[in-house]
Amino acid sequence: MADKPWSGRFSEKTDRAVELFTASIDTDRRLARWDIRGSIAHCRMLARQKVITDQEAAAIIEGMEAIEKDMDAGRFMFSDALEDVHMNIEAALTERIGPVAGKLHTGRSRNDQVAVDVRLWLREETGNMIEGLKALRRKIVAMARDHIDVIMPGYTHLQRAQPVRLAHHLMAYYEMFSRDGQRFRDCLRRINVMPLGSAALAGTTYPLDRVYVASLLGFEGVSANSMDAVSDRDFVIEFLADASICMMHFSRLAEEMILWASSEFRFISFSDAFATGSSIMPQKKNPDIPELIRGKTGRVYGALVALLTTMKSLPLAYNRDMQEDKPPLFDAVDTLAACIDIGARMLDNITINREMMRRAAAAGFLNATDMADYLVGKGLPFREAHALAGKAVAAAIEKGCELQELALDELKRFSEHFDRDVYDVLGLERVTDTRNTYGGTARSGVLDRIAEAEKDLEEE
Ligand code: ARG
């Protein structure tokens, strides 16, 4: 086993328990490819700046490429005695090309190495989230278009409130997931900053060309403060905050799917391929997929809080505490990616029960606001109209009927202003389609928004 790169000032062998406790290789091996990429860029720059020779650089790069091939072939052996991914790769390089490997670490520290690795990795993952969300948004828009004529109850306090179009309800999630995508895109600007060249914390005496390294690695800019660059994890925290918000949206969608699939609602059903059964109750068909989406939200929130807590009060610059950023980050990324994927598939496995939705929208006086608005149209102040329509609701409850089933002379007892035309305003289509303010549930408005969304998705 190779000596530790830092063994110079040590006279005792590291305690095995310490090796195991400090090792992060089981986690950060995931960054290996990015570590190699960062090293190659750093190496090219060292040669360009004449800090090392072209031959030395060629040997290092060749060695690195061979290591990557070993990884591809599953031949690379990671060792926990070598602590982390950076030291494992450096040791492998030394084994392969000899002492010249030691020149790679000129003007560099693991502190900026880990920062660059995580940034490169997270940049790619964030891009994947944006793409995944885009595919999901496409599905939502298509589903909305397909169901433009389905009317359902809109709820407040989980009480039936006013009829809405299912498409409008679905498009609300389109808006949420679009903002999530925007948040990730915005976060990318802060992820995509190059920290290499900070060395351990203070910068370095070698004439490094940081901008060149940034251009090789596709970074948009270079960090402006070496101490900040090695000790900043707010780009990770920001990502986790964005991921948490996105999971919160998923959990709301999941919750609605669970409710809607219940016998109490019966608004939707899941295909058999997207449900599970009970080991004891033969009749059960359970919505485990949305339940797990809802449940996994906690893991992502947990990751955010874990890292906020880890970073709280850490003195500048790097501290080993920060190694604890990766397990929660990796878990959150995997969880969100899985939810985006399964969430989109879930939508393909739902059948809408339009009859049940319509029936629920038609019962329970969801058109009472329209009755009040009708009286406003006849010149009454809204407050008065509200009270009169409320009286009509009470009468209908008493009779066990709907508002439109009250006879005109009954209505006239509440107000002289009621006339035959009141019945025209109480139908479901009419009730939704007169809500034609921008952003409202009217068929025309929802179709406009769907068209805008389709165009946005096309151009994005
Ligand atoms: N494994 C470390 C991490 O993930 C890399 C940086 C270690 N730096 C150090 N000086 N021990 O944070």
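Counting convention: from 1, in listed order, for ligands and their atoms alike.
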Which atoms of ligand 1 are found less than 4.0 Å from any heavy atom of D84?
-> 1 (N), 2 (C), 5 (C)
Determine the interplanar angle of the F239 and F184 rings, folded into 0 to 90°, and report it as parallel if under 30°, tilted if 30 to 60°, perpendicular if over 60°.
-> tilted
Does even one non-hydrogen atom of K326 get within less than 4.0 Å of ligand 1?
-> yes
Which residue pairs satisfy the salt bridge (Lys or Arg N to Asp or Glu O under 4.0 Å) criterion with at least one member in residues 185-200, sequence neighbours excluded?
-> R185-E460, D186-R189, D186-R190, R190-E238
Heavy-atom contact under 4.0 Å between H86 and ligand 1?
-> yes
Kindly determine whether Q49 and Y212 satisfy side-chain hydrogen bond (donor to acceptor under 3.5 Å, both in side chains), including the steps that lead there.
-> CA-CA 10 Å; Q49 297 299 100; Y212 178 62; over 6 Å; no
With only distance considered, is E83 within less than 3.5 Å of ligand 1 through an N or O on each side?
-> no
Pull out every atom of ligand 1 sitting under 4.0 Å from any heavy atom of S24, numbered as shown with elements.
-> 1 (N)
Of all the atoms in ligand 1, which lie at a distance below 4.0 Å from a heavy atom belonging to N111?
-> 6 (C), 7 (C), 8 (N), 9 (C), 10 (N)
Would D72 and R33 pass as an ion pair if we require N to O under 4.0 Å?
-> yes
Check: R233 N/O within less than 3.5 Å of ligand 1 N/O | no
Close-contact set for ligand 1 against Q323 heavy atoms, below 4.0 Å | 1 (N), 2 (C), 3 (C), 4 (O), 12 (O)
Aromatic ring pairing H249/F177, orientation class (parallel under 30°, perpendicular over 60°, tilted between) = perpendicular
Could you tell me whether D84 and K326 have a side-chain N and a carboxylate O separated by less than 4.0 Å?
-> no
Atom 7 (C) of ligand 1: which protein heavy atom is closest, and how many Å away?
-> Y318 OH, 3.5 Å
At what distance is the nearest protein heavy atom to atom 11 (N) of ligand 1, and which residue and atom is it?
-> R110 NH2, 3.5 Å
Which residues satisfy the side-chain hydrogen bond (donor to acceptor under 3.5 Å, both in side chains) test with E454, sequence neighbours excluded?
-> R145
